[in-house]
Amino acid sequence: MRFLIDACVPRHVGDLLRADRHDVLESVLESSSLGPDPGDREILDFAEREGGILITMDKDFGVLVYAERRRHAGLIRLPHVAPSQCAALLSQVLHLHTDALAEGAIVTVQERRIRVSRSDRDQPA
(Lines give C-alpha, C1' and ligand atoms only; values in the text may rest on other atoms or scores of the structure.)
Protein backbone atom coordinates (compact mmCIF):
# COMPACT_ATOMS: atom_id res chain seq x y z
CA MET A 1 0.00 0.00 0.00
CA ARG A 2 1.02 3.59 -0.46
CA PHE A 3 0.92 6.05 2.43
CA LEU A 4 1.46 9.77 2.83
CA ILE A 5 2.39 10.72 6.37
CA ASP A 6 1.46 14.15 7.67
CA ALA A 7 4.21 16.15 9.39
CA CYS A 8 2.48 15.82 12.79
CA VAL A 9 2.89 12.03 12.83
CA PRO A 10 6.02 10.67 14.55
CA ARG A 11 8.80 9.55 12.18
CA HIS A 12 8.89 6.03 13.61
CA VAL A 13 5.49 5.41 11.98
CA GLY A 14 7.09 5.80 8.56
CA ASP A 15 9.90 3.47 9.60
CA LEU A 16 7.37 0.84 10.67
CA LEU A 17 5.52 1.05 7.36
CA ARG A 18 8.72 0.86 5.33
CA ALA A 19 9.81 -2.20 7.32
CA ASP A 20 6.54 -3.83 6.22
CA ARG A 21 7.44 -2.95 2.60
CA HIS A 22 4.86 -0.21 2.13
CA ASP A 23 5.49 2.77 -0.13
CA VAL A 24 5.79 5.77 2.21
CA LEU A 25 6.12 9.47 1.51
CA GLU A 26 6.40 11.89 4.40
CA SER A 27 4.49 14.84 2.99
CA VAL A 28 6.29 18.02 3.90
CA LEU A 29 9.61 16.36 4.65
CA GLU A 30 10.04 14.52 1.34
CA SER A 31 7.97 16.40 -1.21
CA SER A 32 9.57 19.58 -2.46
CA SER A 33 6.45 20.29 -4.52
CA LEU A 34 4.39 20.90 -1.37
CA GLY A 35 6.63 23.53 0.17
CA PRO A 36 7.26 24.04 3.89
CA ASP A 37 3.64 24.60 5.00
CA PRO A 38 1.19 23.73 2.23
CA GLY A 39 -1.98 23.55 4.33
CA ASP A 40 -4.38 20.68 4.91
CA ARG A 41 -6.28 20.95 1.63
CA GLU A 42 -3.11 20.77 -0.44
CA ILE A 43 -1.81 17.81 1.58
CA LEU A 44 -5.11 15.94 1.11
CA ASP A 45 -5.17 16.78 -2.61
CA PHE A 46 -1.57 15.63 -3.01
CA ALA A 47 -2.28 12.33 -1.24
CA GLU A 48 -5.30 11.76 -3.49
CA ARG A 49 -3.32 12.54 -6.67
CA GLU A 50 -0.55 10.18 -5.55
CA GLY A 51 -3.00 7.45 -4.53
CA GLY A 52 -1.70 7.49 -0.97
CA ILE A 53 -3.63 6.86 2.21
CA LEU A 54 -3.05 9.90 4.39
CA ILE A 55 -2.02 9.26 8.01
CA THR A 56 -2.52 12.23 10.31
CA MET A 57 -3.06 13.24 13.91
CA ASP A 58 -4.78 16.45 12.78
CA LYS A 59 -8.57 16.49 13.30
CA ASP A 60 -9.07 19.05 10.51
CA PHE A 61 -8.86 16.36 7.82
CA GLY A 62 -12.10 14.87 9.11
CA VAL A 63 -13.80 18.19 8.38
CA LEU A 64 -12.37 18.20 4.86
CA VAL A 65 -13.59 14.72 3.95
CA TYR A 66 -16.92 14.77 5.78
CA ALA A 67 -18.16 18.36 5.72
CA GLU A 68 -16.48 19.54 2.51
CA ARG A 69 -16.69 16.12 0.83
CA ARG A 70 -13.14 16.41 -0.50
CA ARG A 71 -11.74 13.58 -2.54
CA HIS A 72 -9.16 11.30 -0.95
CA ALA A 73 -7.50 7.92 -1.38
CA GLY A 74 -8.15 6.84 2.20
CA LEU A 75 -7.47 8.40 5.56
CA ILE A 76 -6.15 7.18 8.89
CA ARG A 77 -6.88 9.67 11.66
CA LEU A 78 -5.04 9.39 14.99
CA PRO A 79 -6.52 12.24 17.06
CA HIS A 80 -5.69 12.21 20.75
CA VAL A 81 -3.28 9.27 20.32
CA ALA A 82 -0.01 9.57 22.22
CA PRO A 83 2.99 9.55 19.86
CA SER A 84 4.35 6.49 21.67
CA GLN A 85 1.12 4.60 20.84
CA CYS A 86 0.92 5.50 17.13
CA ALA A 87 2.97 2.63 15.72
CA ALA A 88 1.23 -0.08 17.74
CA LEU A 89 -2.24 1.22 16.94
CA LEU A 90 -1.37 1.64 13.27
CA SER A 91 -0.14 -1.97 13.13
CA GLN A 92 -3.50 -3.05 14.53
CA VAL A 93 -5.37 -0.95 11.96
CA LEU A 94 -3.40 -2.43 9.08
CA HIS A 95 -3.91 -5.95 10.37
CA LEU A 96 -7.68 -5.54 10.74
CA HIS A 97 -8.67 -3.03 8.06
CA THR A 98 -6.38 -3.36 5.03
CA ASP A 99 -9.25 -4.11 2.64
CA ALA A 100 -11.31 -1.16 3.84
CA LEU A 101 -8.32 1.16 3.48
CA ALA A 102 -7.65 -0.10 -0.03
CA GLU A 103 -11.23 0.90 -0.83
CA GLY A 104 -10.73 4.45 0.48
CA ALA A 105 -12.14 4.12 3.99
CA ILE A 106 -11.61 6.64 6.74
CA VAL A 107 -10.24 4.97 9.87
CA THR A 108 -10.32 6.97 13.08
CA VAL A 109 -8.20 5.58 15.88
CA GLN A 110 -8.71 6.56 19.49
CA GLU A 111 -7.24 5.04 22.63
CA ARG A 112 -9.80 2.26 22.98
CA ARG A 113 -11.72 2.38 19.74
CA ILE A 114 -11.19 2.07 15.99
CA ARG A 115 -13.97 3.40 13.80
CA VAL A 116 -14.11 2.59 10.09
CA SER A 117 -16.22 4.85 7.90
CA ARG A 118 -16.87 4.41 4.26
CA SER A 119 -17.12 7.64 2.33
CA ASP A 120 -17.92 8.32 -1.25
CA ARG A 121 -14.44 9.39 -2.27
CA ASP A 122 -15.56 10.14 -5.80
CA GLN A 123 -17.79 13.03 -4.72
CA PRO A 124 -16.73 16.36 -6.23
CA ALA A 125 -15.06 18.83 -3.93
Side-chain angles (χ1 to χ4, degrees):
M1 296 183 93
R2 176 173 246 192
F3 295 95
L4 178 76
I5 300 177
D6 195 7
C8 59
V9 176
R11 280 192 77 82
H12 68 272
V13 170
D15 297 338
L16 168 82
L17 292 168
R18 286 184 186 98
D20 285 342
R21 300 186 185 268
H22 292 289
D23 182 10
V24 178
L25 180 64
E26 296 183 40
S27 62
V28 177
L29 300 175
E30 294 180 3
S31 177
S32 61
S33 68
L34 290 181
D37 186 16
D40 294 345
R41 284 179 181 83
E42 183 57 36
I43 291 171
L44 188 63
D45 291 347
F46 180 77
E48 196 266 332
R49 282 192 308 269
E50 294 294 316
I53 297 165
L54 179 62
I55 301 173
T56 186
M57 296 177 83
D58 187 343
K59 294 187 287 184
D60 294 339
F61 287 98
V63 173
L64 294 175
V65 298
Y66 288 117
E68 295 185 16
R69 301 178 70 143
R70 303 216 31 126
R71 293 174 58 127
H72 61 89
L75 180 63
I76 298 174
R77 299 174 60 232
L78 302 162
H80 310 296
V81 172
S84 61
Q85 297 277 323
C86 285
L89 290 171
L90 184 59
S91 289
Q92 185 178 2
V93 165
L94 294 177
H95 177 73
L96 297 173
H97 303 293
T98 299
D99 292 341
L101 285 166
E103 296 171 1
I106 301 161
V107 178
T108 302
V109 181
Q110 296 171 329
E111 286 181 18
R112 299 173 195 244
R113 180 177 168 197
I114 297 173
R115 184 178 70 230
V116 179
S117 304
R118 311 257 185 207
S119 73
D120 188 351
R121 64 181 173 173
D122 295 323
Q123 287 290 327

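Everything numeric in this text was worked out from a predicted model, so none of it was measured. Any value given below was found using the heavy atoms of this structure, including those in side chains, with hydrogens, waters and symmetry copies removed.
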Determine the minimum heavy-atom distance between [X] and [Y], stating which atoms define it.
| X | Y | result |
| --- | --- | --- |
| Phe61 | Asp40 | CE2-O, 3.3 Å |
| Pro83 | Met57 | N-CE, 4.5 Å |
| Val13 | Ala87 | CG2-N, 4.2 Å |
| Leu54 | Ala47 | CB-CB, 4.2 Å |
| His97 | Ile114 | NE2-CG2, 3.8 Å |
| Leu44 | His72 | CD1-CB, 3.8 Å |

Worksheet item: Any chain of hydrophobic side-chain contacts (each under 4.5 Å) joining Ile55 to Leu96?
Response: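 Hydrophobic grouping puts Ile55 apart from Leu96.
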Worksheet item: Can you hop from Val63 to Val109 via hydrophobic side chains spaced under 4.5 Å?
Response: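 No, Val63 and Val109 fall in different hydrophobic clusters.
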Item to complete: Applying side chain to side chain donor-acceptor pair (under 3.5 Å) between Arg77 and each of Asp58, Asp6, Thr108, report the one that passes.
Response: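 Only one of Asp58, Asp6, Thr108 forms a side chain to side chain donor-acceptor pair (under 3.5 Å) with Arg77, namely Thr108.
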I want to check something: taking the side chain as every heavy atom from C-beta on, are [X] and [Y] in contact at a cut-off of under 4.5 Å?
| X | Y | answer |
| --- | --- | --- |
| Leu90 | Leu78 | no |
| Val9 | Phe3 | no |
| Gln92 | Leu89 | yes |

Could you state the interatomic distance from [atom1] ([X]) to [atom2] ([Y]), rounded to the nearest 0.5 Å?
| X | Y | atom1 | atom2 | answer |
| --- | --- | --- | --- | --- |
| His22 | Leu16 | NE2 | CG | 8.0 Å |
| Glu50 | Leu25 | CD | CG | 7.0 Å |
| Asp60 | Glu68 | CG | CD | 10.0 Å |
| Leu94 | Met1 | CG | CE | 7.0 Å |
| Ser84 | His12 | OG | NE2 | 7.5 Å |
| Ile106 | Ile53 | CD1 | CD1 | 11.5 Å |

